[in-house]
Number of protein chains: 2
Amino acid sequence: MTAKRILIVEDEKPIRDLVAFGLRRAGYEVSEAEDCRSARASLVDQRPDLMLVDWMLPDMSGLELTRSLKRDKETEDIPVIMLTARAEEQDKVGGLEGGADDYVTKPFSPRELLARIQAVMRRASPAGGEDVLEFEGLRLDDSSHRVSAGDAEVALGPTEYRLLHFFMTHPERVFGRGQLLDRVWGGSTYVEERTVDVHIRRLRRALEPFALDRLVQTVRGSGYRFSAREG
Amino acid sequence: MTAKRILIVEDEKPIRDLVAFGLRRAGYEVSEAEDCRSARASLVDQRPDLMLVDWMLPDMSGLELTRSLKRDKETEDIPVIMLTARAEEQDKVGGLEGGADDYVTKPFSPRELLARIQAVMRRASPAGGEDVLEFEGLRLDDSSHRVSAGDAEVALGPTEYRLLHFFMTHPERVFGRGQLLDRVWGGSTYVEERTVDVHIRRLRRALEPFALDRLVQTVRGSGYRFSAREG
DNA sequence: CCCGGATGTGACAGAACGGTGACGGACCCT
DNA sequence: AGGGTCCGTCACCGTTCTGTCACATCCGGG
């Protein structure tokens, strides 16, 4: 596997340099941006595997940047770690709610940062590299974000897509609603667990025309399972 | 779902009280310990779903407690959140490396603490690879939550599943009804002991079609045993 | 062989659980 | 602003599960 790419978005040069230095030494490929505009530019040609985003930026708050990234299909699954100087929980929780995968409070040590980065990356890439997943005639092409059954297109909302993607990369295994929230919605969301049911329902409905809703199975008292075998 | 149990290990009473109060108000069932020794005692009878462990404790550092918990099979998957005084990040990373699932820096707000707790609980038990139990042609795959005999699926209710799982991990041993209630139903439930009989019956009935009900044996006057040998 | 306590078993009512449609709000595109 | 999409929550409902009871049955001791 090639070196992981990390994009740092931070306006204060000393900090940026320090972090970049530490990360390069740890074997990452690092690019830098000092505001949101140039960050977006960098995103186009070098799709980073992870982003470090400062809270305070000259043109736009890092929180907003993160939010907009998480809204875009193209960038939504780039993990983001927020860097914040403010210690108030208000900001912390806000950062998490904004879609950041984690946050680190300044001042931080390189060691802590590295630990966070590794943790977030691990969480973000559960299975290896296949771009096209296939299962019982159901095809999911991750590069084009398309799902098809036979030769018909399956229309899915963003959440249903992520849910199906997660299931297809983790078949034959039961996941509790909480685990699904953690791994499909993202570790830092808090929504009702029953919300999962609703999205399961939506996914099933989308698969119904192809009689593939049977793949999404309920395990009463435990959660859901994606499997070809009936059960 | 029954209320989640949280064990607080913290020597400073004011803080402990405050946290306990907040958590109870949030609907958790809270027990408290002021040092590692009594924490261990509490672990025995009330298996908590999550622990909050202070960094500095009178008898032993919270880090060590966490480490030792994570080394023990019996307790390794109880999530731990460390509480640390506004200290060096060195400690933070140490806390994570020691096996803690997260940490919160004092002073912290109830909101932050709750957010962390929920996140950690959701993440709990992402356990790794295969864990398949096999016994006399009876297979129980815990990760997919399936039970099969030969190539046929065995249909079990949640409680029967847990019961069988417990038996298969503790074969050749007699358990009294009380012990089974403790370990299968969970320490803090109150039900009649005869309830066990009924579920034993249900489990046996499910295994009957495969002539495997013989594995669930009655030991008159003592309880039940899961064993291949007759008698 | 009979008795008494222990266990097996079917039935049942209430609780728990999951399925589902609807709704209002946030956001996006025009 | 208007229409559309998606999302999270809720309320309601049928189904499944659970704990308990009552009665049948079994077993060992006297």
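Here is how names work: the chains are called A, B, and so on, in the same order as the sequence lines, proteins then strands, and each is numbered from 1.
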Point to revise | Ion pair B:R16/B:E32, N-O distance below 4.0 Å | key: yes
Check your understanding: Do B:S144 and A:R229 come within less than 4.5 Å of each other through their side chains, counting heavy atoms only?
Key -> no
Practice item. Mind telling me whether B:F175 and B:H170 have parallel, tilted or perpendicular rings, with 30° and 60° as the class edges? Key: perpendicular
Practice item. Give, for atom CG of A:L156 and atom CZ of A:R162, the distance between the pair rounded to the nearest 0.5 Å. Key: 11.5 Å
Revision key, fill the gap. The nucleotide from D:dC6, D:dC10, D:dT20 with an atom nearest the side chain of A:V198 is D:dC10
Check your understanding: Out of curiosity, B:I6 CD1 to B:S31 OG, how far, rounded to the nearest 0.5 Å?
Key -> 9.0 Å
**Study point:** Atom-to-atom span, CD of A:E208 to C1' of C:dG21 - whole angstrom
**Key:** 14 Å
Review point. Closer than 4.0 Å, any side-chain N/O of B:Y161 to the OP1 or OP2 of D:dC17?
Key: no
Practice item. Return no unless some side-chain N or O of A:R205 is found under 4.0 Å from OP1 or OP2 of C:dG21. Key: yes
Revision key, fill the gap. Atom NE2 of A:H199 and atom C1' of D:dC10 are separated, to the nearest Å, by 14 Å
Taking only nitrogen or oxygen atoms into account, show me every contact under 3.5 Å that the protein makes with nucleotides 12-15 of chain D, one pair per line with its distance.
none

Review point. Which of these nucleotides, D:dT18, C:dT9, D:dC10, is closest to any side-chain atom of A:E192?
Key: D:dC10
Review point. Does OP1 or OP2 of C:dG19 have a side-chain N or O of A:T218 closer than 4.0 Å?
Key: yes
Practice item. Test for a donor-acceptor pair under 3.5 Å between the base of C:dG19 and the side chain of A:R202, counting only N and O atoms. Key: no
Review point. Atom CH2 of A:W185 and atom C1' of D:dC7: how far apart are they, to the nearest Å?
Key: 10 Å
Point to revise | Options D:dT18, C:dT9, C:dG19, nucleotide nearest the side-chain atoms of B:D197 | key: C:dT9
Review point. Starting at CZ of A:R177 and ending at C1' of D:dG8, how long is that distance when rounded to a whole Å?
Key: 15 Å
Check your understanding: What's the CG-P distance between A:D213 and C:dT20, to the nearest Å?
Key -> 9 Å
Review point. How long is the line joining CD of B:E193 and C1' of D:dG19, in whole Å?
Key: 14 Å
**Study point:** Of A:I78, A:V80, A:I8, the residue whose pairing with A:P48 passes side chain to side chain contact (heavy atoms under 4.5 Å, CB included)
**Key:** A:I78
Review point. CD of B:E160 versus P of D:dT16: gap in Å, rounded?
Key: 15 Å
Check your understanding: Could you state the CZ-C1' distance from A:R201 to C:dG18, rounded to the nearest angstrom?
Key -> 12 Å
**Study point:** Distance (rounded to the nearest 0.5 Å) between A:F135 CZ and A:F226 CZ
**Key:** 5.5 Å
